[in-house]
Amino acid sequence: MTNVSYKMTSRSEVPLTDGRRERSRSSRSKIVAAMLDLVGKGDVAPSAARVAEVAGVGLRSVFRHFDDMDELYREMGEVIEAQVMPIILQPPTGATWREKLFDIADRRAMVFETILPYRISANLKRFQSPYLMQDYRRMLRLESDTIGSYLPAMVKADVAGAHGLNVILSFQTWRLLRHDQELPFEDAKSVVRRLLGDAMAEMPED
């Protein structure tokens, strides 16, 4: 009888345990969604209290799911990266390295536009966060390596010129045009293409 009673009790507790886990997953998802919503709407440094308010959970719940805001920024970054990384990693089209760089420029315009508020938010926070600083440098290396993989040896040998191409195609340039100078999307895109074309015109063909 004791064994039967134990089994029955255990079985009755399973739905309760599953229910708690489901509520926990739901709360965590709501918190991440609230963070994404706030930053996406321009609140580049939302407080934990504000995140909790928008998520519809208690402040304690935020820190029950996330050790600190750093971890919440990390999860936000993972969500955004999962959306744009397939675009970033897709090989550019074009018969020449110049055409490939123009394709990269157009693709980055779309990606940078998508991640603009989130990257600005993370950039502000990175000076207080070793993880975000490390992630920032990782993305810089990815951007640079992507361009470098399509440059001819003679172009790479022009170190200043190669660095210039990275600056033109960087997120920082896009942020300057769209956020600081408040240019419309197409105007900012035209500026990048103009700068890129002018820079490549001074470089060898292969």
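Quick note: numbers below take in every heavy atom, side chains included, and nothing from hydrogens, waters or symmetry partners.
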Please confirm whether the backbone N or O of Glu186 pairs with a side-chain atom of Ser190, one donor and one acceptor, at under 3.5 Å? yes
With sequence neighbours left out, the residues meeting side chain to side chain donor-acceptor pair (under 3.5 Å) with Arg194 are Asp198
State whether Phe185 and Arg178 meet the cation-pi test: NZ (Lys) or CZ (Arg) under 6.0 Å from the six-membered ring centroid, and within 45° of the perpendicular axis. no
Hey, are the side chains of Phe171 and Leu140 touching, using non-hydrogen atoms and a 4.5 Å cut-off? no
Output for pair (Ile80 CD1, Ile115 CD1), nearest 0.5 Å, gives 8.5 Å
Treat each ILVMFWY residue as a node, draw an edge where side-chain heavy atoms are under 4.5 Å apart, and state whether Leu124 and Tyr131 are in one component. yes
Closest heavy-atom pair, Leu169 versus Ala105, reported as atoms and distance to 0.1 Å, is CD2-CB, 3.5 Å
Residues Ala162 and Val155: closest non-hydrogen pair is CB-O, 4.2 Å
Trp174 versus Arg108: any side-chain heavy-atom pair under 4.5 Å? no
Using atom types as modelled and distance alone, determine if a side-chain donor or acceptor of Glu99 lies under 3.5 Å from a backbone N or O of Ala95. yes
With side chains defined as the heavy atoms from C-beta onward, is the minimum distance between Ile104 and Tyr150 less than 4.5 Å? yes
Using a 4.5 Å cut-off on heavy atoms from C-beta on, say whether the side chain of Thr173 contacts that of Phe112. no
Name of the residue among Arg137, Arg138, Arg119 meeting salt bridge (charged side-chain N to carboxylate O under 4.0 Å, His left out) with Glu143: Arg119
Between the side chains of Asp106 and Arg193, is the shortest nitrogen-to-carboxylate-oxygen separation below 4.0 Å, so that they form an ion pair? yes
Which heavy atom of Val51 sits nearest a heavy atom of Ala34, and at what distance? O-CB, 3.6 Å
May I ask you to decide if Gly148's main-chain N or O and Asp145's side chain share a donor-acceptor pair within less than 3.5 Å? no
Are the side chains of Met203 and Leu151 in touch, meaning some heavy atoms are under 4.5 Å apart? no
Assess the residue pair Val32 and Met35 against the criterion (side-chain contact (heavy atoms from CB on, under 4.5 Å)); give the C-alpha distance rounded to whole Å, side-chain angles, the decisive distance to 0.1 Å, and a yes or no. CA-CA 5 Å; Val32 175; Met35 183 72 171; 5.6 Å; no
How close do Tyr136 and Asn123 get, counting heavy atoms only, and between which atoms? CD1-OD1, 3.3 Å
Taking the six-membered ring for Trp, are Phe102 and Trp97 closer than 6.0 Å centroid to centroid? no
Report, one line per pair, each donor and acceptor closer than 3.5 Å where one atom sits in a side chain of residues 37-47; sequence neighbours left out.
unit_1, atom_1, unit_2, atom_2, d
Asp37, OD1, Lys41, NZ, 3.3
Asp37, OD2, Lys41, NZ, 3.4
Asp43, OD1, Ala45, N, 3.4
Ser47, OG, Arg50, N, 3.1

Search all heavy atoms of Pro91 against all heavy atoms of Arg107 and return the closest pair with its distance. O-NH2, 3.5 Å
Are the side chain of Gln134 and the backbone of Pro130 linked by a donor-acceptor contact shorter than 3.5 Å? no
How far apart are the closest heavy atoms of His65 and Ser61, and which atoms are they? CD2-O, 3.0 Å
Side-chain heavy atoms under 4.5 angstrom apart, residues restricted to Ile, Leu, Val, Met, Phe, Trp, Tyr: same cluster for Val167 and Met200? no
